[in-house]
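Below is one structure, written out as structure tokens; the observations come after it.
Values below: every heavy atom of this structure, side chains too, minus hydrogens, waters and symmetry copies. Here the structure is a predicted model, which means the values were calculated and not measured. Lettering of chains follows the sequences in order, A, B, ..., and the numbering in each one begins at 1.
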Protein chains: 2
Amino acid sequence: MEGKEDNSLSGVKEIARRANVSLGTVDRVINNRAGVAVKTRNRVNAIIEELNYQPNVLARRLALTSRGTLRLAVLLPDISEETEYWKAPLEGINKADLEIRQYGVQVEHYFFDQNVQSGFAQQVNRIMENTPDGVLITPTFEKESIVLMKFCKKKKIPCVLMNSDIPDQQRLCYIGPELFDSGYLSGQLVHYCLKDGQKAMIVNIAREIESNVAILRKEDGFLAYFREKLSEDQLVHLNMTDTGYAAVAGRLTALLEEHKQIGIIYVTNSRVSLVAQWLESIGRSDIVLIGYDYLDKNLDYLKRGVIDFLLCEKPQEQGYRGVMSLFQYLVFSTTVQDDYLIPIDIVTSANYRYYRN
Amino acid sequence: MEGKEDNSLSGVKEIARRANVSLGTVDRVINNRAGVAVKTRNRVNAIIEELNYQPNVLARRLALTSRGTLRLAVLLPDISEETEYWKAPLEGINKADLEIRQYGVQVEHYFFDQNVQSGFAQQVNRIMENTPDGVLITPTFEKESIVLMKFCKKKKIPCVLMNSDIPDQQRLCYIGPELFDSGYLSGQLVHYCLKDGQKAMIVNIAREIESNVAILRKEDGFLAYFREKLSEDQLVHLNMTDTGYAAVAGRLTALLEEHKQIGIIYVTNSRVSLVAQWLESIGRSDIVLIGYDYLDKNLDYLKRGVIDFLLCEKPQEQGYRGVMSLFQYLVFSTTVQDDYLIPIDIVTSANYRYYRN
DNA sequence: CTGAAAGCGCTTACAG
DNA sequence: CTGAAAGCGCTTACAG
């Protein structure tokens with residue numbers, strides 16, 4: 001047992017007293033600022049070590065309040081009829097915004113239309129003009145995203161990716177699901193539900209399937225499972241670039257006619273509601289339906305038993321964590337930030353209540 | 001647009017200036033402390049409203065640092081060979097502890113042996129003697145828990161329940177799963193996996209099944225699903241109060257002999273590993289096995305395909321949130337705290353990686 | 001290279 | 001009932 005001194009002093013003051021220097025010098029050492037004699041620096045550092053000193057983040061942040069605000073730029077798709085999904089990440093971002101506002105952080109939104117690549121490019125330019133202190137993006141268009149990421153790298157602005165990843169570029173971290181495993185998991189669910197003699201169908205519904213990294217990765221994972229544990233003979237493929245209901249319903253009807261043994265359908269994104277609508281209209285809710293995302297429309301079908309499984313990747317949390325990791329990095333200069341792979345939740349009519357937000 | 005004045009002042013200072021009172025008075029009003037003339041109080045409150053003033057929690061907490069520490073008592077089962085599970089909530093509690101320590105909060109642990117009711121009572125007494133500022137408990141033994149809860153109520157100490165609930169007592173909130181739905185969800189999974197002509201088995205393994213609220217609730221939910229969508233004829237029951245492997249294996253072997261059609265087994269707690277061990281020993285990993293908890297032992301079986309589904313209820317998060325909700329309540333005097341029903345995660349060999357802690 | 005002073009926004013004795 | 005002063009632990013000009 002070491003005799004603990006009556007430490008009326010603590011923190012920087014105690015360090016200053018022991019090292020026989022002023023608070024200013026202690027501060028310079030702690031924050032690695034220039035202008036301290038090596039000898040002094042060493043002495044102070046030794047005491048810091050000895051005391052196992054941990055700065056009080058409250059006090060630090062309070063003292064910094066007077067200094068300028070930190071500006072975080074957030075780039076993500078706007079919310080449209082077609083992309084209700086993006087409401088969720090935005091909610092998470094706003095939640096984080098509210099929490100850290102009082103720490104002198106300010107979040108600036110940049111929205112783009114997912115179908116307009118030039119609009120994305122334009123927003124990237126605006127961000128670069130405004131040179132924020134941190135950047136959070138959904139890298140929907142790879143080329144322009146890389147432009148921004150390179151800019152950030154040069155300017156030493158931390159850049160966080162969300163929802164889907166572009167590896168091998170200098171980014172602070174990626175926050176989102178491991179999409180391959182998401183598909184693989186779907187394969188597994190299909191396997192559990194497949195009755196004897198049945199077939200499964202995989203359905204991609206999107207304007208640009210070939211350039212949609214997310215869909216391709218999920219499909220890869222799904223097929224990997226089939227090759228491993230089942231057989232591709234048991235699988236029917238469908239790609240729909242016409243995303244209208246009539247078109248989808250038409251093709252599905254034809255395919256079901258052709259492959260009467262289809263017992264399970266896996267839709268690789270949130271458009272699963274189109275398939276649900278169709279299944280319901282033909283009175284075939286016995287077919288197991290698996291799809292994506294905790295959207296009101298999808299939940300309706302889930303509750304009614306038309307959709308059986310929804311895979312969900314915590315969109316709010318992605319937004320929240322995206323902002324918070326920038327905040328942590330910039331304010332508390334936390335060390336290396338790790339990628340955060342979001343869990344892939346399996347949601348059914350029996351547990352969906354507990355996944356609200 | 002209102003002309004915004006050059007507010008060099010803000011916060012309490014600005015309020016004091018406008019109301020023509022001192023900081024002390026403003027503080028009294030903000031914190032509802034006595035000793036302010038009604039007229040003054042009203043004037044100050046009006047300005048607070050007008051300014052839409054929000055106190056800076058950083059500054060508040062920093063100022064309070066000098067005051068005494070807040071002491072939180074945490075009561076939960078200790079970690080033994082038999083109850084590795086409780087490591088997880090403890091981790092969450094420790095994580096919260098680390099985060100809020102610098103805000104002058106101190107967590108005190110009280111452990112008990114789940115098999116010794118008198119030990120639980122003893123710890124309850126110790127807590128009451130120490131009169132902490134907040135209490136977080138796992139109410140394993142109902143009677144003693146109620147004693148503690150009543151004590152808290154009288155002393156106005158906030159009390160949070162974790163893991164299982166005792167409703168209708170004055171508690172700040174409950175943090176844990178809705179156990180009925182957990183069983184119901186299991187019924188649903190069984191339904192999806194059940195092939196034609198197969199039967200399912202439900203297995204309870206615990207010393208005291210009849211007094212184990214958690215197990216009973218899950219079983220209720222499970223049976224409810226069967227009554228609703230399947231038939232009880234398709235179900236075989238097994239209660240094991242002898243929790244040793246030999247006994248379990250013996251009974252299971254006999255039952256499987258009797259009911260050869262059993263294709264799925266649902267174990268209502270983390271002892272699913274005993275059944276997994278048996279299934280593996282008799283080479284029947286084709287039987288679908290569903291159980292509970294993200295424990296190393298269970299994960300091993302999950303990865304090897306012996307266990308198919310693990311239902312998990314975020315034990316770390318329960319501990320973390322339990323502490324944090326007390327903290328929020330005591331430090332920021334957040335208003336009514338709501339119960340937080342933890343999601344029931346469905347974990348398989350394809351998504352378990354993302355549920356680590 | 002170093003120190004003394006002022007300040008971040010709030011709270012608390014203490015004195016009247 | 002009210003105010004002036006000191007302090008929470010850290011940071012930042014400014015002066016030397």
Nearest-Å distance, [atom1] ([X]) to [atom2] ([N])?
X	N	atom1	atom2	value
A:R33	D:dT11	CZ	P	7 Å
B:K39	D:dC1	NZ	P	14 Å
B:N32	C:dC10	CG	P	16 Å
A:N42	C:dT2	CG	P	11 Å
B:R17	D:dA4	CZ	P	16 Å
A:I15	D:dC10	CD1	C1'	11 Å
B:I48	C:dC10	CD1	P	10 Å

Out of [options], which has the shortest distance to the side chain of [X]?
X	options	result
B:T25	D:dC8, C:dC8, D:dT2	D:dT2
B:L62	D:dT2, C:dT2, D:dG9	D:dG9
B:A63	D:dT11, C:dG3, D:dC8	D:dC8
A:D27	C:dC8, C:dT2, D:dT11	D:dT11
B:R28	C:dG9, C:dT2, C:dA13	C:dA13

- Message: Judged by each residue's nearest nucleotide on DNA chain C, which is more toward the 5′ side, A:G35 or A:L23?
- Response: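 Its nucleotide being nearer the 5' end, the pick is A:G35.
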
- Task: Please check the phosphate of C:dT2 (OP1 and OP2 only) for any side-chain N or O of A:S22 closer than 4.0 Å.
- Result: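 It does not, given that no N or O in the side chain of A:S22 lies less than 4.0 Å from OP1 or OP2 of C:dT2.
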
- Query: Do the side-chain N or O atoms of B:K13 get closer than 4.0 angstrom to the phosphate oxygens (OP1, OP2) of C:dC8?
  - Reply: yes

- Task: Tell me what A:V26 touches on the nucleic acid: a base, only sugar-phosphate, or nothing, going by heavy atoms under 4.0 Å.
- Result: nothing

- Message: Under 4.0 Å, counting only non-hydrogen atoms across every strand here, what does B:R41 touch: a base, just sugar-phosphate, or nothing?
- Response: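 Nothing: the residue B:R41, judged by heavy atoms under 4.0 Å, touches no strand.
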
Any side-chain to backbone donor/acceptor pair from [X] onto [Y]? Under 3.5 Å, distance only.
X	Y	answer
B:S325	B:G322	yes
B:R71	B:N130	yes
B:T40	B:V36	no
B:E91	B:Q316	no
B:Q318	B:E313	yes
B:Q123	B:F111	yes

- Task: Starting from the 5' end of DNA chain D, give me the residue, B:A34 or B:A59, whose nearest nucleotide shows up first.
- Result: B:A34

- Pairing of A:E14 and A:R18 as salt bridge, 4.0 angstrom limit: yes

- Query: So what stems show up for DNA chain C if we need 3 or more Watson-Crick or G-U pairs in a row, all under 3.5 Å?
  - Reply: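 Detected stem regions: C:1-3 with D:14-16, C:5-12 with D:5-12, C:14-16 with D:1-3.
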
Return all side-chain donor-acceptor pairs below 3.5 angstrom for residues 150-166 of chain B, not counting sequence neighbours, or 'none' if the list is empty.
unit_1, atom_1, unit_2, atom_2, d
B:N163, ND2, B:Y85, OH, 3.2
B:D165, OD1, B:R171, NH1, 2.8
B:D165, OD2, B:R171, NH1, 2.9

